[in-house]
Every structure is written in C-alpha cells, then in structure tokens.
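Note sheet for the following structure.
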Amino acid sequence: MKIGAPKEIFEGEARVALTPDSAVQLQKLGHECYVEAGAGHAAGFADSAYEAVGVTVVQGAAALYDAVDFIAKVRPPVDAEVAMLKPGKTLISFFYPAQNEALLEAAKDTGANVIAMDMVPRISRAQKMDALSSMANIAGYRAVIEAGNNFGRFFTGQVTAAGKVPPAKVLVVGAGVAGLAAIGASTSLGAITYAFDVRPEVAEQIESMGAEFVYLDFEEQAQDGAATGGYAAPSSPEFREAQLKKFRELAPDVDIVITTALIPGRDAPVLWTKDMVEAMKRGSVIVDLAAERGGNCELTKKDEKVVTENGVTIVGYTDFPSRMAQQSSQLYSTNIRHMMADLTPGKDGVVVHNMEDDVIRGATVAHQGEITFPPPPPKVAAIAAQKPKEKVKEPTPEERKAAEAAAFRKQTRDQILMLGIGGAILLAVGLVAPASFMSHFIVFALSCFVGFQVIWNVSHSLHTPLMAVTNAISSIIILGALMQVGSTSYLVVLLSAVSVFMAGINIFGGFMVTRRMLAMFQKS
C-alpha cells in the first residue's frame with residue numbers, strides 16, 4: 001500500500017503525521033511512503049530528510065491524494081480535503097465523530113474508509129496506538145513550562161545569601177494522562193504539588209509521583225474507572241458543590257492552577273469560577289488545557305492569554321502539542337505506524353481491515369460507504385475494576401483508653417521482668433566475684449541500662465543508626481564518669497570531668513546536628 005502525509009492546513013498546526021523514522025518502519029511492513037513537499041518543515045523535518053530514507057516527495061495535496069491509498073493526517077479534514085477522498089482510500093487522523101456529524105456524513109458519501117485516532121479504545125493492547133494519550137502527555141508537560149514562563153518565580157524553594165525563596169504551590173485539577181504529566185513536571189521542578197480527581201483509583205498514582213492528593217469530605221460512591229473507559233464520569237450536583245467549596249479554600253494559597261478535566265463528547269465542566277480567580281494572589285497563573293471545549297476556568301478565552309484585574313494570568317492555548325511539534329510528530333507518527341502494523345498482520349504490504357478486531361473496529365468510524373460510529377463496547381475492559389477497600393473502624397474513646405492501658409500494663413510487666421532477670425544475674429555474679437569487681441560491674445550494668453532506655457525511646461527518624469550507637473556509648477561514658485567524680489584522687493576527678501564534658505558535647509551536639517540535617521529536607 002502507498003501511505004502519504006499531506007501538509008496540515010489548519011492555521012498554526014505544525015505537526016506532521018509521517019516522520020523519516022516512522023517511514024523507515026512503515027517500509028519494513030511492505031508499504032511505500034509519500035509526503036507532500038514542505039509537510040514537515042514546521043516540525044523540523046526537511047524534504048531532504050524524507051528523500052534520504054526513500055520517501056517520495058510530492059508537490060501539492062491533490063497529487064498526493066491521487067497517488068496514495070492511505071492518507072495520514074493530524075487534524076480532522078476540512079471540506080476541501082474530504083472532497084479529494086475516493087472509494088478504496090482510507091483516511092487516518094483525529095476526527096472527533098461525536099462532535100463532527102456533518103463531516104462524518106460527508107466522509108461516508110465519498111465511499112472512503114475513515115479511522116479516527118481519537119476513537120482508539122483504551123485497552124492494554126491498544127496503548128501503543130493511543131494518540132490522545134500521546135498528545136495529552138505532551139500538553140500536560142508543556143502546560144507546566146508555559147506556567148513557569150508566565151509565573152516569574154522559581155518553582156523550587158531556595159535558600160540564598162540574598163534571602164529565602166519559598167517554593168511555588170501548584171494545583172492540578174484532573175489526573176488523567178495530561179494531569180499526571182503535569183504533576184511529574186511540576187514535582188521534578190521542585191514545586192509543592194497538589195492534585196484532585198473524582199476517580200478514587202488515581203489517588204495512589206498521584207501520591208507515588210510526589211504530589212498530595214486533595215481529598216473531599218463527601219460521602220458518595222464514586223464511579224469506577226473501569227466502567228467509563230478510564231475517564232472520569234459526570235458528578236452529582238452535591239459532589240460538585242463540595243468540590244467547588246474545596247477549590248475556594250485552596251484558591252488563595254496556590255500560585256499555579258493547571259486544569260485538565262474533560263469528559264469525551266461533552267463540554268468542559270466549569271471548575272474554577274470567577275470568584276476563585278479573584279481570590280488568587282497577584283502574579284498567579286492558570287493554564288486551562290480544556291480551553292478547546294469551553295474551558296474549566298470561567299474566564300478562559302480560547303487561544304488567548306488574558307490577565308485579570310487582580311493580576312492573574314489565564315492561558316487558554318489549544319495548541320500545546322503543536323508548540324512542541326517535533327516531539328509531538330514523532331509520537332503521533334509512531335501511533336500511526338502501530339495502527340498500520342495491526343492493519344498489516346502479514347508485514348507484506350497487504351492491508352487487512354479486520355472489523356472483528358476490537359481496536360480496528362473501535363477506531364473505524366466509516367467503512368465502505370457506511371457509518372460505523374459509535375462502535376460496540378470492547379470485549380476487554382479498559383482497566384481492571386477497583387477492588388473495594390476495607391473500611392477501618394475508628395476506635396471509640398473508651399476502646400482507645402482501654403488499648404492504652406493494656407499497652408502500659410504490658411510495658412510495665414516487660415520492664416519488671418527485665419529488671420528481675422538483671423538483678424538475678426548480678427546476684428549470681430556477686431556470689432563468685434570479688435567486691436572490687438562488683439562495684440565496677442554494677443556501674444557498667446546501670447550505665448548500659450540507662451543508655452539503652454535513653455536511646456530506645458527516641459524515634460528512629462530523629463537520627464541515623466550510627467548516631468544512635470555513639471549516643472548510647474556516650475551515655476555509658478558519662479554515667480561512669482559521674483560515678484568517679486567523687487574520687488579522692490585528683491587525677492581521677494580530672495579525667496572524669498573531661499569525660500563528662502566530651503561525652504556531653506557528643507550527646508547534645510549529635511542531636512543538634514540531626515536537627516539541622518532534618519531542616520535541610522523541609523520545604524518550608
């Protein structure tokens with residue numbers, strides 16, 4: 001088959017659906033590759049780079065459409081491009097059939113097949129073709145870069161000779177692919193990152209990436225992600241009110257808000273209202289990744305950057321992937337290549353459009369003059385259903401008091417038992433050892449006991465194991481020295497005083513050093 005990529009005519013679109021690297025892989029499947037002259041220039045791919053790997057460069061879109069069997073695009077086609085489709089040809093691109101019914105009808109009337117990359121089902125086997133996730137990943141990362149560009153301050157906290165710089169506080173609303181990418185970029189830059197999502201199964205993902213999950217004090221059975229293809233489901237009005245209340249509490253404290261909340265086939269829900277924007281500090285930034293579908297922020301303007309009266313910058317760009325065109329083109333063309341690999345099972349250049357395959361059937365929206373959208377649900381669930389978590393019963397005050405009393409009694413019994421065993425050992429040793437040895441041995445035993453009690457009751461997080469051992473040894477030394485301070489020998493008194501002084505420095509200095517070490521890991 002002959003596969004070609006035309007130049008994107010959508011204003012500002014810099015991506016291309018075929019790169020030199022992906023062309024090499026498609027040729028290994030037995031296909032011939034074509035590209036319209038200048039199609040890759042905006043993404044950094046010269047025509048000579050295509051020619052060097054055996055791609056045929058064609059002058060003009062009409063010539064390309066006539067020459068190839070498969071047309072690979074990024075943006076949905078416009079009417080002029082649909083008119084160039086013919087029976088037997090296949091278009092692969094983003095299509096959004098639920099929002100473009102007229103375009104779908106026009107494509108059907110041409111008799112061409114249409115594969116919508118935005119309709120690839122979210123199942124494990126199809127992840128390599130999930131172009132929505134590929135572009136969302138780039139958009140989430142780029143959103144953090146745009147926020148930093150407009151923020152005008154460090155993300156990470158710093159302590160410099162000129163003063164202390166507090167870290168930025170970032171709130172990510174929606175923890176899908178774009179949200180998780182934004183969380184990863186934000187935490188790697190050193191910001192204190194908070195994240196919110198209505199799906200309960202993403203809380204662990206958020207916390208594993210170093211962010212703090214924002215919990216709502218609201219009792220509602222959340223929709224499991226397995227039932228919604230991995231996407232969030234619409235929330236109840238009561239949940240929405242609790243959500244907005246929580247956001248109003250956070251608005252005055254956060255510096256950057258990145259909103260990514262979208263439900264396929266619906267307008268973006270308004271989650272950041274005008275009063276929240278007014279409550280934010282001057283210099284704060286909002287990046288709305290849902291601007292193309294109306295925006296999650298009430299004041300977002302599509303494809304514009306606006307600054308409110310209180311100095312909050314709202315970024316409503318819809319071309320984040322295109323702003324990283326080379327990287328986006330590489331990922332998107334790889335998604336296309338994997339789709340072609342599934343369509344070419346024999347790797348012999350022969351396309352088999354198997355409508356029994358979950359992935360191919362789900363992505364095909366028009367086939368042989370018929371509309372095949374919407375597809376049936378895939379036979380495999382998008383993600384595994386979340387296992388119900390066992391609720392831990394909160395103990396009553398009476399139960400907590402009884403537990404504390406039982407723990408105290410057990411600790412007391414253990415200490416009495418230890419003291420009894422220790423006393424018995426001392427008595428046994430005293431029956432056979434001379435009195436001069438016993439006086440020193442008792443001092444040694446008491447020093448060990450007191451040092452052990454002092455160190456054992458200190459939390460391990462307060463010092464390293466090495467410091468714990470040195471403090472225990474110092475405790476033994478200082479107790480032994482105190483016992484010898486009353487000696488009649490001036491030399492013994494002098495040595496005892498020096499021992500007390502040096503051991504005291506080790507003990508108190510050790511804890512002071514530990515305190516300073518812990519302070520180094522505190523963000524504020």
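Computed from a predicted structure; not experimentally measured.
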Would you say the side chains of Asp288 and Thr259 form a donor-acceptor pair under 3.5 Å? yes
One should read off an interatomic distance between Leu417 CG and Thr412 OG1, to the nearest 0.5 angstrom, of 12.5 Å
Between Asn296 and Pro269, is there a donor-acceptor pair closer than 3.5 Å when you use the side chain of the first and the backbone of the second? yes
Determine all donor-acceptor pairs shorter than 3.5 Å in which one atom belongs to a side chain in residues 169-180; sequence neighbours excluded.
none

Below 4.0 angstrom, N of the basic side chain to O of the carboxylate: do Glu404 and Lys401 qualify? no
Which atom pairs, donor and acceptor, lie under 3.5 Å between side-chain atoms of residues 184-191 and protein residues at least two apart or in another chain?
unit_1: Ser186; atom_1: OG; unit_2: Thr193; atom_2: OG1; d: 2.8
unit_1: Thr187; atom_1: OG1; unit_2: Ile183; atom_2: O; d: 2.9
unit_1: Thr187; atom_1: OG1; unit_2: Gly184; atom_2: O; d: 3.2
unit_1: Thr187; atom_1: OG1; unit_2: Met209; atom_2: O; d: 3.4
unit_1: Ser188; atom_1: OG; unit_2: Gly184; atom_2: O; d: 3.1
unit_1: Ser188; atom_1: OG; unit_2: Ala185; atom_2: O; d: 2.8

With the side chain counted from C-beta on, respond yes when Leu271 and Arg240 share a heavy-atom pair under 4.5 Å apart, and no when they do not. yes
Going from CZ on Arg413 to CD on Gln415, what distance comes out if it is rounded to the nearest 0.5 angstrom? 12.0 Å
If the condition is side-chain hydrogen bond (donor to acceptor under 3.5 Å, both in side chains), which residues does Ser133 pass it with, not counting sequence neighbours? Arg122, Asp130
So side chain to side chain donor-acceptor pair (under 3.5 Å) across residues 141-155, not counting sequence neighbours, yields Arg142-Glu146, Asn150-Lys305
Backbone N or O of Met280 within a donor-acceptor pair of the Ser284 side chain at under 3.5 Å? no
Considering all heavy atoms, the nearest Val287-Ala147 contact: CG2-CB, 3.8 Å
Side chain Ser333, main chain Gln330, donor-acceptor under 3.5 Å: yes
Check ion pair Arg409-Asp414 (N to O, under 4.0 angstrom): no
More than 12 foreign heavy atoms under 6.0 Å from NZ of Lys281: is that the case here? yes
What are the two closest heavy atoms between His338 and Met129, and how far apart are they? CB-CG, 3.8 Å
Cationic N near anionic O, under 4.0 Å, Arg323 to Asp319: yes
Pairing residues for Phe320 by the ring-ring contact (aromatic ring centres under 6.0 Å, His included) criterion, not counting sequence neighbours: none
Test side-chain contact (heavy atoms from CB on, under 4.5 Å) on Phe196 and Lys246 and set out the steps. CA-CA 10 Å; Phe196 174 83; Lys246 188 66 177 181; 5.9 Å; no
Applying ring-ring contact (aromatic ring centres under 6.0 Å, His included), name anything that partners Phe444, two or more places apart in sequence or on another chain. none
From CA spacing to verdict: salt bridge (Lys or Arg N to Asp or Glu O under 4.0 Å), Asp342, Arg125: CA-CA 11 Å; Asp342 269 29; Arg125 185 169 63 84; 3.5 Å; yes
Take Ser22 and Thr19 through the side-chain contact (heavy atoms from CB on, under 4.5 Å) test and state the conclusion after the steps. CA-CA 5 Å; Ser22 66; Thr19 64; 3.2 Å; yes
dist Arg293:CZ -> Thr318:OG1 (nearest 0.5 Å) comes out at 12.0 Å
Shortest non-hydrogen separation from Ser328 to Ser322 and the atoms involved: OG-N, 4.5 Å
Of all pairs that satisfy ring-ring contact (aromatic ring centres under 6.0 Å, His included), the ones with a partner from residues 270-302, not counting sequence neighbours: Phe247-Trp272
Could you check if a side-chain atom of Gln243 sits within less than 4.5 angstrom of a side-chain atom of Leu216, using non-hydrogen atoms only? yes
side-chain contact (heavy atoms from CB on, under 4.5 Å) for Phe151 and Asp255? Distances and angles first, verdict last. CA-CA 8 Å; Phe151 184 47; Asp255 301 301; 3.6 Å; yes
Could you go step by step and tell me if Thr160 and Lys164 meet the side-chain contact (heavy atoms from CB on, under 4.5 Å) rule? CA-CA 6 Å; Thr160 69; Lys164 184 178 180 181; over 6 Å; no
Side chains of Thr156 and Gln158: does their closest heavy-atom pair fall under 4.5 Å? yes
Say you draw a straight line from CD of Glu204 to CZ of Phe213; how long is it, rounded to the nearest 0.5 Å? 10.5 Å
Please report the shortest heavy-atom distance between Leu244 and Met276, naming the atom on each side. O-CE, 3.5 Å
If you count the non-hydrogen atoms of other residues, nucleotides and ligands that lie under 6.0 Å from CE in Met438, is the total more than 12? yes
Determine whether a donor-acceptor pair (N or O, by modelled atom type, separation under 3.5 Å) exists between the side chain of Asn335 and the backbone of Lys128. yes
Do side-chain atoms of Gln484 reach the backbone of Ala481 as a donor and acceptor pair under 3.5 angstrom? no
Compare every heavy atom of Val120 with every heavy atom of Ala126, then report the nearest pair and how far apart it is. CB-CG1, 3.7 Å
When rounded to the nearest 0.5 Å, the distance separating CG of Asp118 from CE of Met135 is 12.5 Å
Check side-chain hydrogen bond (donor to acceptor under 3.5 Å, both in side chains) between Ser439 and all other residues, then give those that pass, not counting sequence neighbours. none
Note, Val214 side chain near Leu250 side chain (heavy atom, < 4.5 Å): yes
Which heavy-atom pair separates Met339 from Ala363 by the least distance, and what is that distance? CE-CB, 4.1 Å
Could you note down all residue pairs passing salt bridge (charged side-chain N to carboxylate O under 4.0 Å, His left out) where residues 268-280 supplies at least one of them, sequence neighbours left out? Arg248-Asp275
Establish, from distance only, whether the side-chain atoms of Ser499 and Ser496 form a donor-acceptor pair under 3.5 Å. no
The criterion is ring-ring contact (aromatic ring centres under 6.0 Å, His included); which residues satisfy it with Tyr332, sequence neighbours excluded? Phe94
Only counting residues at least two apart or in another chain, list the ones meeting side-chain hydrogen bond (donor to acceptor under 3.5 Å, both in side chains) with Tyr215. Glu207
Just verifying a value: how many Å separate Leu331 CG and Met324 CE, rounded to the nearest 0.5 Å? 9.0 Å
Sequence neighbours left out, what passes side-chain hydrogen bond (donor to acceptor under 3.5 Å, both in side chains) with Asn310? Give chain and number order. Thr308
